[in-house]
Amino acid sequence: MKAQALADHLAENPVDNEYMPLSTYFPDEEVNLIEEVVPDDHHVWKMYFDGAVNIKGVGIRAILISPIGHHYPMTARLRFFCTNNTTEYEACIMGLKMVIDLDVRELLVMGDSDLLIRQAQGEWETRDIKLIPYRQCVRDLSKRFKSIEFRYIPRFHNELADALATLASMLPYPGNTHIDPLEIQVRNQHSYCNTIETERDGESWYHDIKRFLKIREYPEHAKRDQKRTIRRLASGFFLNGEILYKRTLDLNLLRCIDATEAERIMSEVHSGVCGPHINGYVLAKKILRAGYYWLTMERDCFRFVRKCHQCQIHGDLIHSPPSELHPMLSPWPFVAWGMDVIGPIEPKGSNGHRFILVAIDYFTKWVESITFKAVTKKVVVDFVHSNIICRFGIPKTIITDNAAKLNSHLMKEVCE
């Protein structure tokens with residue numbers, strides 16, 4: 001079907017006010033949205049629980065969150081046969097016992113277990129006779145709370161408990177081996193940045209690397225991962241006497257400098273004799289070409305440029321006043337076109353053509369183009385008539401850059 005015919009049909013048959021869309025696919029969409037709301041009760045303790053059963057084992061997990069946001073996780077690996085419902089009960093009972101030990105009286109229990117759907121309605125689902133002792137145990141533990149509420153939440157709101165339960169089911173757990181609690185770090189920079197905030201101990205940032213290359217010794221209190229990091233970093237450096245150099249990919253050597261020398265070099269390159277007051281990125285590249293290196297040079301160069309007083313005074317200022325933007329709307333296909341000429345192109349084509357006349361529809365991004373040896377007023381008019389009007393109908397707007405050949409008197413006659 002022609003796009004213009006489709007557009008004309010929609011334009012001639014608009015949707016009236018009596019039209020009602022069909023709602024046959026998601027009749028209970030509002031109910032589903034209500035179930036996905038996560039409770040935001042900051043004044044009560046909350047407990048998330050979940051269980052995981054796979055071919056490697058069975059794991060349960062419960063996480064208690066205090067009103068101020070502290071997390072108290074607990075996980076266990078079960079060494080007996082369990083079904084999915086059994087693991088959910090085991091995780092819930094383990095979490096309730098942990099809460100009782102902390103002397104918590106008001107609790108909100110949440111999980112993605114199907115059992116909580118029935119519990120929210122006032123009854124547990126006990127189709128299996130093996131679940132009756134679990135149900136009675138949960139009831140007895142619930143009586144020890146002043147206030148307890150069970151809520152069902154979708155699985156994607158219970159991802160932390162689900163992930164830790166899966167981890168407990170998959171980890172080999174011989175004997176009574178203890179695994180330290182997981183620590184989640186927040187990092188604002190990429191791992192390859194190797195940032196060093198300050199030289200707190202008075203030594204330069206490359207002191208440990210230089211010492212390792214010189215006498216093959218690590219710092220006194222270095223841990224295993226720290227020693228591995230020093231060995232990895234040392235492979236990219238070269239020690240010549242007392243001077244440490246950084247190896248580059250093109251086999252050049254950059255002299256390593258400390259914070260004091262770095263400050264002096266940045267000042268000299270940026271604002272010294274013939275200093276061009278360049279930006280931070282170019283400043284870092286220029287220092288590298290001069291043969292110097294330190295780990296945080298790009299970040300330090302950006303900070304140095306921001307603090308330059310002369311750059312603040314003589315920097316480029318935008319003097320044009322703010323103006324309102326007028327977006328060009330194209331509500332229908334092929335009503336607004338943009339047209340321009342590309343060229344001259346060197347070398348020219350085998351047929352001698354050097355210019356490309358292009359028109360693009362703003363709505364569908366459809367492109368019409370043709371090549372010419374020379375773009376004349378007659379060529380532009382024929383292109384608009386043959387490639388736009390005869391194919392897609394009369395457009396409402398044609399946008400050009402007001403070039404003489406695109407905005408000629410012939411073009412105005414065609415538009416009229």
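Here the structure is a predicted model, which is why all the values come from computation and not from measurement. The figures here come from the full heavy-atom set of this structure, side chains too, leaving out hydrogens, waters and symmetry mates.
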Least distance between heavy atoms, [X] atom then [Y] atom:
X	Y	answer
M339	M411	CE-CE, 4.0 Å
I389	P395	CG1-CD, 4.2 Å
V341	F355	CG1-CD2, 4.1 Å

Can you measure from [atom1] ([X]) to [atom2] ([Y]) and round to the nearest 0.5 angstrom?
X	Y	atom1	atom2	value
N387	R391	CG	CZ	5.0 Å
I370	S386	CD1	OG	8.0 Å
I342	R354	CD1	CZ	14.5 Å
I230	Q226	CD1	CD	7.0 Å

Which pairs would a plain distance check flag for residues 266-275, meaning a side-chain donor or acceptor within less than 3.5 Å of a matching protein atom at least two apart in sequence or in another chain?
unit_1, atom_1, unit_2, atom_2, d
H270, ND1, I278, O, 3.2
H270, NE2, H277, ND1, 3.4
S271, OG, S267, O, 3.1

Within the 4.5 Å heavy-atom criterion, are [X] and [Y] side-chain neighbours or not?
X	Y	result
Y134	E88	no
T229	R232	yes
L254	L288	yes
W205	W294	yes

Intermediate values then yes/no, salt bridge (charged side-chain N to carboxylate O under 4.0 Å, His left out), D101 and K97 | CA-CA 6 Å; D101 294 338; K97 291 182 179 179; over 6 Å; no

message = Does the structure place the NZ or CZ of R306 under 6.0 Å from the centre of the six-membered ring of F304, at an angle of no more than 45° from the ring's axis?
response =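 No, a cation-pi geometry is absent between R306 and F304.
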
For this session: Classify the ring geometry between F334 and F392 as parallel (under 30°), tilted (30 to 60°) or perpendicular (over 60°).
Result: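 Ring orientation, 0 to 90° scale: parallel.
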
Of V384, L406, T371, the one forming a side chain to side chain contact (heavy atoms under 4.5 Å, CB included) with L357 is L406

Do [X] and [Y] have side-chain N/O donor and acceptor atoms under 3.5 Å apart?
X	Y	value
Y218	R231	yes
Y292	E261	no
T296	D300	yes

Applied to residues 283-297, the salt bridge (Lys or Arg N to Asp or Glu O under 4.0 Å) test, sequence neighbours excluded, yields none

Exercise. Is the OH atom of Y281 crowded by more than 12 outside heavy atoms at less than 6.0 Å?
Worked result: no

